[in-house]
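Data block below; observations after.
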Amino acid sequence: MTDAIRQEFITLRREVIAAEFAALNDMQREAVLATEGPLLLLAGAGSGKTTVLINRIANLVQFGAGADTDRIPAGVGETDLAFLRLYLASGDNPALRQAGATRARELCAVNPVRPWEILAITFTNKAADELKIRLENKLGGSARDIWAMTFHAASVRILRRFIDRLGFDSGFTIYDTADSQSLMKRILKDLNLDEKSFPYRSVLAEISRAKDALLNSKAYLESAEGAQDYRKRHIGAAYAEYQKRLRAADALDFDDLLYMTVKLLQSEPEVLAHYQRQFRYVLIDEYQDTNNLQYLFSSLLAGGHGNICVVGDDDQSIYKFRGATIQNILNFEHQYPDARVIRLEQNYRSTGHILGAANAVIKNNMGRKGKNLWTEQADGEKLTHYAAMNQEDEAAYVAQAILDHFGKGGKWGEHAVLYRMNALSNQLEYAFKRNGIPYKVIGGTRFFDRAEIKDVLAYLAVVANPADDLRLLRIINVPARGIGQTSAERLRESSLTAGRPISETIQHVRDYPELQRSATKLIRFGNLLEDLREKAAQMPLDQFYDLLLDATGYLSMLQEKPEENAARIENIQELKSNIVSYMQNSEDGSLKGFLDEIALYTDLDNLDPDADAAVMMTMHSAKGLEFPHVYLVGIEEGIFPGHRVLGDPEEMEEERRLCYVALTRAKSKLHLISANQRLLFGRTTANQTSRFLEEIPADYVEKEGIHRPAYGSASWDVSFDDEAQGGYSSGANTRRSQMPVRDRKSWSHPMSPTGGAPQGLPAFQKGDQVTHKAFGRGMITDVQPVGNDALIEIAFDDMGTKRLMLRAAAKQMTKV
DNA sequence: TGACCACAGTTTTTT
DNA sequence: ACTGTGGTCA
């Protein structure tokens with residue numbers, strides 16, 4: 001084979017493969033084809049990062065190293081070259097191209113990758129799921145074998161197989177944050193550590209930091225001995241105790257999952273070799289958010305073949321508070337001197353104005369790699385900054401804008417409201433409820449953090465793992481079994497001294513003189529658990545779940561107060577739907593498997609793209625998502641940026657990055673809302689508008705609302721009716737801006753506790769024909785007074801029946 | 001032992 | 001505002 005043939009073959013091969021990815025832009029394609037060796041992909045917001053990941057994996061599976069290697073199959077000759085030339089020239093002839101496709105692919109593939117040789121790591125389950133779905137669409141069923149999952153899920157998978165080498169049982173349970181917290185509270189109490197100087201949260205945070213630095217409690221204590229640090233010594237003791245009890249309960253916390261995996265890979269050469277051999281290609285998404293453990297995890301696993309591709313954006317690093325270090329991405333080129341760097345800077349998501357605003361804001365940060373996103377899109381609408389009177393006005397404005405858009409044929413799901421902290425979502429929820437806007441809150445008090453869910457899951461966990469003391473204690477007296485705190489405490493202490501799990505102690509309760517008082521009850525409880533364990537082995541999970549709810553008396557406990565517990569009962573039912581869908585999606589359908597999945601699960605994964613509903617979530621949760629219309633609320637100093645970062649330039653930069661993330665979620669219209677005064681955490685404050693707003697060029701922004709609040713200077717005699725009928729329509733903004741700053745409560749809750757008809761309710765009654773701006777024509781079918789408002793039911797011609805609050809609805813309706 | 005009440009502390013973000 | 005805790009009383 002001559003050199004010329006070699007060269008031309010390599011060139012043609014790359015062109016053939018490149019043609020498969022013709023839909024991408026040059027940089028994206030570059031990133032897809034650069035398969036070999038370390039690659040740093042700096043992908044700006046909305047630059048098609050996920051598309052690149054998908055196509056990159058597709059390329060690996062189809063062509064292996066074909067596009068990025070000098071290796072040539074033996075026996076390539078002139079005929080093959082001629083064929084490839086012809087094939088490439090056939091671009092506009094589909095029939096010809098199709099005929100040659102198979103041969104071309106075979107000829108160009110070099111050692112195609114098998115799916116399980118790819119490790120693709122993401123941060124959230126949501127991102128992992130999306131990746132899996134899109135891969136399956138592209139590659140078919142074999143895509144299921146790709147290791148596309150979160151750091152934690154991958155760790156669990158590795159640990160389940162090999163953790164016995166560290167002396168742990170492979171059936172370990174996973175403790176979530178709440179579990180860790182209650183365990184730590186216990187420990188601090190037992191160690192007699194004052195909760196003021198040793199808040200459980202900061203102790204846990206310190207332990208988490210130690211684990212991230214790969215320090216076990218001993219190593220941590222050693223560092224404390226040297227420093228003679230009193231605080232550290234106590235925390236070290238708590239750390240040791242914490243790990244001891246986790247161990248006794250056969251449990252790992254979130255940090256342990258990564259920590260143990262890294263330890264395992266470092267100390268067991270065989271295991272390391274196994275996975276290094278297996279993972280020919282490693283991809284890490286959101287690399288700017290990795291912490292030290294995750295960095296080690298990635299480096300170790302990619303260490304065999306050295307094909308590591310990390311994707312990230314230093315401007316979107318927003319998780320420093322949980323140990324993420326932006327250094328990982330900044331140092332990548334030092335770690336791998338031969339690394340290639342590819343930048344994706346073309347944004348396909350946002351309009352020019354939105355992108356311009358985001359660029360202008362992030363420009364104020366020092367210490368970034370430097371990058372300027374650009375777009376081919378038109379400038380689009382300007383951003384809107386609405387300065388609201390207070391949080392109610394803010395919520396009303398958002399609701400109004402959404403209703404307007406819906407009235408023009410838009411979809412609910414095109415809107416997302418983002419805020420800095422969950423506490424800001426309340427007013428919005430009320431406003432959305434009143435106006436009949438379907439919505440979904442992501443995060444906040446999470447489904448799996450609800451007491452009833454934790455209770456039921458605790459039962460399942462104890463059934464699966466009798467050694468799980470923490471969860472056993474949670475449910476030992478729920479529902480009440482006459483095993484009170486004192487009995488439970490005594491039981492716990494006896495088990496501790498005996499060094500056996502509580503469930504074992506219960507089985508041998510007769511051997512413990514100090515437990516005789518509650519022995520009968522304990523035995524009954526122990527029998528219940530035994531019984532459940534037997535049943536669990538005999539029937540499918542969903543059936544067992546029903547049985548458990550019944551046998552434990554948990555359901556009947558809730559049913560004693562049906563009204564009060566309606567939501568709880570519903571939640572428990574909803575958990576069953578989780579079980580059923582788990583059974584459909586997993587091969588083994590085991591209880592353990594279910595608990596694993598649940599332990600790594602968050603509400604974010606619930607975002608159902610098919611349901612048409614506006615969404616609200618924190619700016620953090622919104623990372624990676626996009627929406628046509630975005631509302632950023634609470635854009636005030638002290639809230640965003642939050643008050644705790646005001647004195648700290650580094651923290652401020654993180655906050656600004658968060659702002660960048662938030663701004664770049666919007667595709668076509670961005671509303672920024674600040675309130676002149678806000679009731680938060682029980683206090684009313686008057687915040688200045690956020691500095692981030694000042695950083696956006698003024699000619700990108702249209703201002704609405706009350707921009708220079710001169711408290712008390714405006715006219716005060718605006719009658720209620722005026723306000724109610726005037727509404728919040730976009731045309732009425734000028735009028736609104738003249739409204740006085742005044743506490744609405746003074747009129748919306750008149751001081752008339754002795755009953756009588758509510759004051760100033762808009763005059764609508766049963767039977768009225770109305771036209772609603774968003775929902776069209778309809779008839780009022782019911783009016784129920786509720787407090788100072790009324791709940792009305794309207795049968796709309798096209799929208800079905802809706803229940804709205806009268807005061808809010810009146811602003812949208814006219815009588816026909 | 002469990003129900004009820006007052007009180008305080010906490011309100012960033014996630015696996 | 002809200003929740004969880006701790007104390008008191010039946």
Side-chain angles (χ1 to χ4, degrees), chain A residues 121-128 149-156 174-182 185 189 195-196 199-202 205 208 211-212 252-259 261 286 289-291 293-294 297 316-324 391 418-427 430 442-446 448-451 477-489 517-518 521 596-605 617-624 634 638-645 651 654-655 657-658 661-662 678-684:
Chain A
I121 295 290
T122 61
F123 260 83
T124 62
N125 294 305
K126 164 115 170 52
M149 53 184 87
T150 63
F151 277 108
H152 295 267
S155 297
V156 171
I174 302 166
Y175 274 13
D176 67 14
T177 313
D179 296 328
S180 303
Q181 287 178 346
S182 49
K185 281 183 204 162
K189 225 171 250 170
E195 56 194 44
K196 289 248 168 56
Y200 65 95
R201 286 161 161 280
S202 49
S208 177
K211 284 179 183 170
D212 191 43
L252 301 183
D253 70 10
F254 281 137
D255 291 322
D256 285 340
L257 294 177
L258 283 159
Y259 177 87
T261 308
E286 308 283 15
D289 287 333
T290 48
N291 63 22
L293 283 176
Q294 291 161 335
F297 178 95
Q316 291 190 65
S317 159
I318 54 174
Y319 285 113
K320 194 175 137 211
F321 69 92
R322 66 175 200 216
Q391 73 280 355
L418 310 182
Y419 33 75
R420 181 62 236 269
M421 47 190 173
N422 283 309
L424 294 182
S425 69
N426 281 341
Q427 286 300 325
Y430 289 133
I442 315 288
T445 10
R446 301 218 205 99
F448 291 100
D449 285 343
R450 301 219 153 94
N477 200 31
V478 183
R481 299 192 173 86
I483 307 171
Q485 225 159 34
T486 16
S487 309
E489 185 61 20
R517 192 126 53 98
S518 46
K521 292 160 184 165
D596 266 0
E597 193 170 287
I598 288 296
L600 300 174
Y601 196 93
T602 66
D603 269 10
L604 196 56
D605 314 328
M617 65 184 102
T618 64
M619 295 174 181
H620 281 88
S621 313
K623 190 159 79 144
I639 292 180
F640 188 46
H643 63 89
R644 31 189 93 201
V645 313
E651 296 277 317
E654 172 129 333
E655 206 79 350
R657 289 194 289 271
L658 182 59
V661 169
R678 178 182 298 276
L679 177 66
L680 188 63
F681 304 137
R683 252 203 292 281
T684 304

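Predicted model, so just to flag it, every value in this text is computed and none were measured. Chain letters run A, B, ... following the sequence lines, proteins first and then strands; every chain starts at 1.
Across all strands, A:Thr177 comes closer than 4.0 Å to base atoms (heavy-atom distances). Across all strands, A:Asp176 comes closer than 4.0 Å to no nucleic acid atom at all (heavy-atom distances). Using a 4.0 Å heavy-atom cutoff across all strands shown, A:Arg517 reaches no nucleic acid atom at all. Residue A:Lys521 is classed as having no contact, given no heavy-atom separation below 4.0 Å to the nucleic acid. A:Tyr319 comes within 4.0 angstrom of sugar-phosphate atoms only, judged by non-hydrogen atoms across all strands, and of no base. Using a 4.0 Å heavy-atom criterion, one finds that A:Gly482 contacts the sugar-phosphate atoms exclusively. Heavy atoms of A:Ala153 sit nowhere under 4.0 angstrom from any nucleic acid atom. Residue A:Lys211 is classed as having no contact, given no heavy-atom separation below 4.0 Å to the nucleic acid.
Rounding to the nearest 0.5 Å places CD1 of A:Ile639 at 4.5 Å from CZ of A:Arg678.
The OH atom of A:Tyr419 sits 12 Å away from the C1' atom of B:dT13 (whole-angstrom rounding). Between the CE atom of A:Met421 and the C1' atom of B:dT10 there is a distance of 12 Å, given to the nearest Å. Taking atom CG on A:Asn477 and atom C1' on B:dA3, their separation rounds to 13 Å, with Å as the unit. Following rounding to the nearest Å, A:Arg481 (CZ) and B:dG2 (P) show an atom-to-atom distance of 11 Å. Distance A:Asn422 CG to C:dC2 P: 14 Å, rounded to the nearest Å.
Here A:Phe254 does not count as stacked on B:dT14, because the ring centres are not under 5.5 angstrom apart with planes under 30°.
Qualifying side-chain contact (heavy atoms from CB on, under 4.5 Å) partners for A:Ala178, counting only residues two or more places apart in sequence or in other chains: A:Asp176, A:Lys454. With sequence neighbours excluded, the residues satisfying ring pair (Phe, Tyr, Trp, His ring centres under 6.0 Å) with A:Phe123 are A:Phe151.
For B:dT13, the OP1/OP2 oxygens have no side-chain nitrogen or oxygen of A:Ser621 closer than 4.0 Å.
Counting only distance, with no hydrogens or angles, the side chain of A:Ser518 and the backbone of A:Lys521 share no donor-acceptor pair below 3.5 Å.
Note on ring orientation: taking the six-membered ring where Trp is involved, the planes of A:His620 and A:Tyr319 are tilted (angle from 30° to 60°).
When distances are taken from the side chain of A:Thr618 to each of B:dT1, B:dT11, B:dT13, the shortest belongs to B:dT13.
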